[in-house]
**Student:** 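Got a structure here, written out as structure tokens. Questions coming.
Every heavy atom of this structure was used, including side-chain atoms; hydrogens, water molecules and symmetry mates were not. Just so you know, ligand 1 is whichever comes first in the structure, and atom 1 is the first atom listed for that ligand. The shown structure was predicted, so the numbers you read here are calculated from the model rather than taken from an experiment.
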Amino acid sequence: MARTSQRNKTSTTKENHIESHGHLTNSIHMHRHTPMAMGVLSDHKSLIRDLIALQRSTSLQDPSSNPRSVTELDVSSKNSRRSTHQLKTLLQQLEEMPKRKQRYKGAKRDRRTLNVRRSRARVGISEKTHKSQIAGEGKQQVELDASQDTKNVCGIPWNWSRIHHRGKSFIEKSLSCGLADARVRDADGNSQHFQGNGSNLDRPSFHMNTATESETLSESESESLPLLAEESGNDSYSDIPSDSRSGKSNCRQSRSLTQKYMPKTFKDIVGQSLVTQALANAVARKKIGLVYLFYGPHGTGKTSCARVFSKALNCQSAEQPKPCDMCNSCISHNLGKNQYIIELHPVDNSTKFEKVLESNNYSSNKYHVLIIDECNNLSPVMWGTITRAIDKEPNNVVFILISASLDLPHMVISRCQKFFFPKLKELEILNALQWVSSSEGLEVDRDALKLIASRSDGSLRDAEMTLEQLSLLGQRISVSVVQELVGMISDDKLVDLLDLALSADTINTVKNLRQLIETGVEPLALMSQLATVITDILAGSYAFSSERRRKFFKRPNLSKEDMEKLRQALRILSEAEKQLRVTADKVTWLTAALLQLAPDQNYLLPTSSGATPSNNHTPTIRENLHERVMQGNSDHDDALPSRRKNDENAPSTSNYGARSRLDNSQIWQEVLYNIQSDSLKRFLIQEAKLNSVTLGEAPTVQLTFSSNANKSKAEKFRGQILNAFEATLSCGVILEIRYETKKEIENLENGMTLRRSLTSQNRHFYSGHENEHFVRAIGPHILTEGEVIQTGPVGLGMGKRNKSFWIGEASSSDYKQHLAPPSEGWEMGFGKKDGSIAEKLERENL
Ligand SMILES: Nc1ncnc2c1ncn2[C@@H]1O[C@H](COP(=O)(O)OP(=O)(O)OP(=O)(O)O)[C@@H](O)[C@H]1O
Ligand SMILES: [Zn+2]
């Protein structure tokens, strides 16, 4: 009853609100209310009532927008029916009204919704007031006071513009109603005025944390919108995610899945349990720091977590855990109306940064949270503003910096509490996707979700976006649909290729591979897919299609021997993968690898003594190529990397086999022996240290020098040194010349070698080249050739990194996974989008 009377009061308020404009003389304001010219007003009172009823019924049909009002649902089911009827009447009436010119661009809307909104505009009810009313019904009357205030009633005042940036969209909100001083009841029940009034157009606008719509509206366009017709902007209130991972689904379809499933409490955040626990405890114990830094790969929940933390800081619940998502403060945050939380972004101009960060207008009983996103892209001027603001150590202000990496000004880094957000595990992503698809009622195969999860590189945002794209196809989401969408080769085609290769059908293997490559697939991606399909076959989870005629896979049940051959094939691919990452001629190497899958004993490498190699020995590509060269196997000429093909001085296999057994000091002796110049020889004896020799796919040797000058000197003789190594090892060699500090050398000697993986999207890597350390975000498809070649193999580069980096990094599971003692000398640790084949082998225990 109380609620019903409250609603009646609300509708009266709306009318009062509108009537109250009768006394307004402010022309701007009136202009914005043009559609409800006072003369028309009285004629439309009944329409207003209808509209309010309609709005209520809409909100009641959507359980998520009114999660708590079960009783209301009962009470108003009658209203709901009534309003459907009223809708018709209303629309008929509206048709008779003069059409109002709409000035929206790109707004593709449901016609019915649009008409209803137009009608609102015509009758002069502000969207905002409406939305606040709806919100008020569902949870709290946050905005109600604004419309009850008959002096300055409007509550219309928001202009919205959208900024789309890197897949995120922000709503930029600025106060623009001429007279509005719309109030928001703060969490303590006091009325809080928004800063500024008539001139609020100038008020530093800030990004809202609410969901947004898909269409883009330029700022100027949005500014030119008449406020009352500002349907697209103010619609954001209805777009506010009233659901979450723990909530219900929302009937609005226009929001993207990432917006819709944006976490609202700490428990909605997938993975990242250490971070969320620490932050929740900080709130519970009231131990709040001044500056926080959330860093890590993209799409892992940094921004979401910053928003949840901000919400928790001002949550009014007496109980933990916070945020409760139910108190006034939480709700106003969800509605995007919390003026204590401001988001800044590199796309904002520096004036805006100054305005926001240099403002001293902080209330004493609230936390003001400044979330600064994408800090790794801020300009020096913006950093200056931030550091000045941090220096003041304002009370009640919390800075949350969000960055992809730790490559930020030292002064800031040293004052932050740092939280690393590692990539999410595939299983975590899979479960989240499962949850989203069942909430959305999508028909989707679990294997398809698995594939999406494995392709999303630890980013739940990417995974959700892929799922959303797939859902738009309007069909059951199967593995093959996913493969097609993401540009993967279908499993059938992969198995065809594998079949040819395993049946030693050289010509068709090469032909088939070329055809696939011509479709634009990346050799590395193809290799990874081949490995995946082999793994599936070995695990018995691959269902062969009966329609294809194949040789190797002619029977669905493979013999033990065949399985062994597949296992071997996987190892060969794993080896070849390393080579593929460093070579410019990926296709050739991939071809070479495929041609070795044929289980032909002739390809196996005899040892120097001529004995048959042990069963455990998997010949490397290079060994096999040597062997083929020696055999003059012209069939496979195509497959040979050019260097090998033309290598007339290819060593005898026995020589190679014997060399590989030499230890480093013997190799070094022989290298020195092979150096022609005496002075260079002396220099190397005195200054150089052969740190490691790694044979295999990409034979790599590493020479270290204890001073930069010596290192540079050695660089000048790189050609001679390289020749000496190649002559010694009888194969092409990658020569690394490095400068290590004494400490690093000691560490190396103590076996403390750190492997850093060069890897896919946004994982940063460090180059020891020139002993300069820099962080790079790598684009989506792993490394480009140039990057690997220019920077050389992964370096250590511990020197200039500060302690916090190591602490931060070491605490991250992401880092741990790449921290491993060297297995044999210096090892090139390359990661890859879905984990390397080697990792895959390890995982599958093969
Ligand atoms: N850990 C997570 N838990 C729940 N949802 C997540 C998580 N990570 C990403 N998402 C989903 O992806 C969307 C975007 O996430 P968010 O912006 O928080 O990621 P981010 O790490 O800040 O990414 P970026 O660095 O690119 O800004 C969220 O709205 C949510 O739907
Ligand atoms: Zn709360």
**Student:** Kindly confirm or rule out an N or O of Val270 lying under 3.5 angstrom from an N or O of ligand 1.
**Tutor:**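 It does: an N or O of Val270 is found under 3.5 Å from an N or O of ligand 1.
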**Student:** Just heavy atoms, cut-off under 4.0 Å: does Ile402 contact ligand 1 by side chain, backbone, both, or neither?
**Tutor:** neither
**Student:** Checking side-chain polar atoms at under 3.5 Å, does Asn431 have a donor or acceptor matched by the opposite partner on Gln434?
**Tutor:** no
**Student:** Looking only at distances, can you tell me whether any N or O atom of Asp373, backbone or side chain, sits closer than 3.5 Å to an N or O atom of ligand 1?
**Tutor:** no
**Student:** Under a 4.0 Å heavy-atom limit, does Glu374 contact ligand 1 with its side chain, its backbone, both, or neither?
**Tutor:** neither
**Student:** Give, rounded to 10 degrees, the angle between SG (Cys315) and SG (Cys327) as seen from the Zn ion (ligand 2).
**Tutor:** 120°
**Student:** Quick one: does Tyr261's side chain get under 4.5 Å of Arg461's, heavy atoms only?
**Tutor:** no
**Student:** Heavy-atom distance to atom 28 (C) of ligand 1: which of Ser304, Pro422, Ala463 wins?
**Tutor:**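 Nearest option to atom 28 (C) of ligand 1, by heavy atoms: Ser304.
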**Student:** I'd like to check whether Gln272 has a polar contact with ligand 1, where a contact means an N/O of the residue lying under 3.5 Å from an N/O of the ligand.
**Tutor:**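 No, no N or O pair falls under 3.5 Å.
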**Student:** Any idea which atoms of ligand 1 are less than 4.0 Å away from a heavy-atom of Glu464?
**Tutor:**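 Those atoms are 11 (C), 12 (O), 30 (C), 31 (O).
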**Student:** Hey, does Leu257 come in under 3.5 Å of ligand 1, counting only N/O atoms on both sides?
**Tutor:** no
**Student:** State, to 0.1 Å, how close Cys324 and Cys315 come at their nearest heavy-atom pair, and which atoms those are.
**Tutor:**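 The pair with the smallest heavy-atom distance is N-SG, 3.3 Å.
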**Student:** Can Asp325 and Lys311 be counted as an ion pair, charged N to O under 4.0 angstrom?
**Tutor:** yes
**Student:** If I compare all heavy atoms of Trp383 with all of Cys375, which pair ends up nearest, and what's the gap?
**Tutor:** CZ2-O, 3.4 Å
**Student:** Would you please determine whether Ala404 falls within less than 4.0 Å of ligand 1 on a heavy-atom basis?
**Tutor:**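 So Ala404 does not count as touching ligand 1.
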**Student:** Can you sort out which atoms of ligand 1 are near Lys302, meaning under 4.0 Å from one of its heavy atoms?
**Tutor:**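 Those atoms are 18 (O), 19 (O), 20 (P), 21 (O), 22 (O), 23 (O), 24 (P), 25 (O).
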**Student:** Checking Ser403 side chain against Leu406 main chain: does a donor-acceptor pair fall under 3.5 Å?
**Tutor:**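 Looks like no, no N/O pair under 3.5 Å.
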**Student:** Could you walk me through whether Phe294 and Phe420 pass the ring pair (Phe, Tyr, Trp, His ring centres under 6.0 Å) test, one step at a time?
**Tutor:** CA-CA 6 Å; Phe294 294 174; Phe420 180 69; over 10 Å; no
**Student:** With atoms numbered from 1 as shown, which atoms in ligand 1 lie under 4.0 angstrom from a non-hydrogen atom of Thr303?
**Tutor:**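 Counting atoms of ligand 1 from 1, those under 4.0 Å from Thr303 are 17 (O), 18 (O), 20 (P), 22 (O), 27 (O).
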**Student:** Give yes or no for whether the N/O distance cutoff of 3.5 Å, strictly under, is met between Gln259 and ligand 1.
**Tutor:**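 So ligand 1 has no N or O lying under 3.5 Å from an N or O of Gln259.
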**Student:** Any side-chain heavy-atom pair from Val381 and Ser379 closer than 4.5 angstrom?
**Tutor:** yes
**Student:** Going through the checks in order, is the side-chain contact (heavy atoms from CB on, under 4.5 Å) test met by Lys322 and Thr265?
**Tutor:** CA-CA 8 Å; Lys322 290 180 181 182; Thr265 62; over 6 Å; no
**Student:** Report yes or no: does a heavy atom of Phe421 sit under 4.0 Å from some atom of ligand 1?
**Tutor:** no
**Student:** Salt bridge or not between Glu343 and Arg307? Use side-chain N to carboxylate O under 4.0 Å.
**Tutor:** yes
**Student:** N/O of Gly299 under 3.5 Å from N/O of ligand 1, yes or no?
**Tutor:** yes
